[in-house]
Amino acid sequence: MAKDKEKSEGQKLQDELSFSFKHIGQIRPEDIEPSIEFCEGYKTFMNSSKTERECVRTLEAMAKKEGYRLFDPKASYKSGDRFYYVNRKKNVMLVTVGKKPLDDGIKFNIAHIDSPRLDLKPNPLYENTEISYFKTHYYGGIRKYQWGTTPLAMHGVVVLKDGNRVDISIGENDDEPKFVVSDLLPHLSAQQNKRPLSDGLKGEELNIIVGNIPYQDDDVTEPYKLMTLKLLHDKYGMTEKDFTRAEIEMVPAVKAADIGLDRSLVGAYGQDDKVCAYAAVMAAFEIKEPEHTTVTVFTDKEEIGSEGNTGMASRALDHFVEDLCDIFGVKARNVYRNSICLSSDVNAAYDPTFADVFEKNNSSFLGHGPVLTKYTGARGKSGSNDASAETMGQVIACMEKENVIWQIGELGKVDEGGGGTIAKFMGDNDVDTVDLGVPVLAMHAPFEITSKLDIYHTYKAFCAFYR
Ligand code: MN
Ligand code: MN
């Protein structure tokens, strides 16, 4: 009060009329401890969810533990019932039935669980000069030069000739071997250094070293390649032809870790967008008796444009919603037009080292809470879902009612680049949608950085939205 008296008229008017976003650590220091606590579970989640399939398995196990049952389209459901549906092992929908009729609308929260990586080509194995290699085809937007000399783990699935499926995971445990793409030594990189950074390593140079000991038989023409095949056959019963029936993803063999002396940050692979997925699943668990039915979706293929039947461009979610409508005897179009959706995806955090690409007044900052992104896209908002003022108002009101610290953010300066999310696909479904998610440093790098305070407040925002 005493301080207030000292303020001039202008200062008072300024307090009344102006607005600025602040670091949570400054205005809500009591949230530091709970944020650190919350992220212990997050790190564990990340370590068991390197790929979309693994993330689905993790989510399914978590949901079962929380009492969710597998969706049965022939069952009848009532308020408070919780169930889940898995689409082709790569896409999960978690439902909590609300008190209100379904055609009062659903609260959707959608995060994606695929992340940029190096996929093996369908015919990946070869040897060159006594080294056995895998050829790769990168998935999603990567800066290729970052993937050289990064320890990699091999994850995936192979369908054998007899139809049996084998899950592959090599390189996550300390006693397991890793894999690596080589890069030139500085002594011989004079020519490579002249390449633009985007070609620092080229797509066809992302070749993964898998072996360097020959199979002992002088009559074999490719003994290094054969040795790799033998080892894979011993472990998984697979042959070279089985690569054509496989999905194998090479991802950074790195565990989630605290970053900084103050442990304020999390470093991990694939935080885009499993950081929002974790906040979303924890919020879904927390809100047990929502007014509106909640549908929390964990989707695949966002990083390549949401294509395919496990991505949001497909009708998989529509079909699931139609199933729900049949159960409750309502029309899907009435459900959709009364629904609201958070497209929960990360945004680029302001990076002081690369300040040039950001416009500071409209950037998101580490520690300022979840970023509400009105529109994404490129150039003149092309490819964007431009959320309405009303939708912004509704989501901001939810957050402020529960003291969530949030911020706004654009993805960099106008015409600097751009990107998209799943928001536009929910817009296509006639649903009011806006992007809300965690700001990330070094997005799409093998090791991405987020703030624990942001993760915690994103969780709080999702809870407030569902409540
Ligand atoms: Mn994303
Ligand atoms: Mn992304």
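Whatever order the structure lists them in is the order used to number ligands and atoms, beginning at 1. Note that the structure is predicted; figures quoted are calculated from it, not measured.
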Checklist entry - Between E54 and K274, is there a salt bridge with N-O shorter than 4.0 Å? => result no
Next on the checklist: Using a strict threshold of under 4.0 Å (side-chain N to carboxylate O), is an ion pair present between R88 and E247?
Outcome noted: no
Checklist entry - Would you say the side-chain atoms of S343 and T433 include a donor-acceptor pair closer than 3.5 Å? => result no
Checklist entry - How are the rings of F45 and Y278 set relative to one another: parallel (under 30°), tilted (30 to 60°) or perpendicular (over 60°)? => result tilted
Checklist entry - What orientation do F134 and F243 show, parallel under 30°, tilted 30 to 60°, or perpendicular over 60°? => result perpendicular
Checklist entry - What number of protein N, O or S atoms occur at distances under 2.8 Å from the Mn ion (ligand 2)? => result 4
Checklist entry - If you look only at pairs with a residue in residues 281-299, which of them pass as a salt bridge (Lys or Arg N to Asp or Glu O under 4.0 Å), with sequence neighbours excluded? => result K99-E291
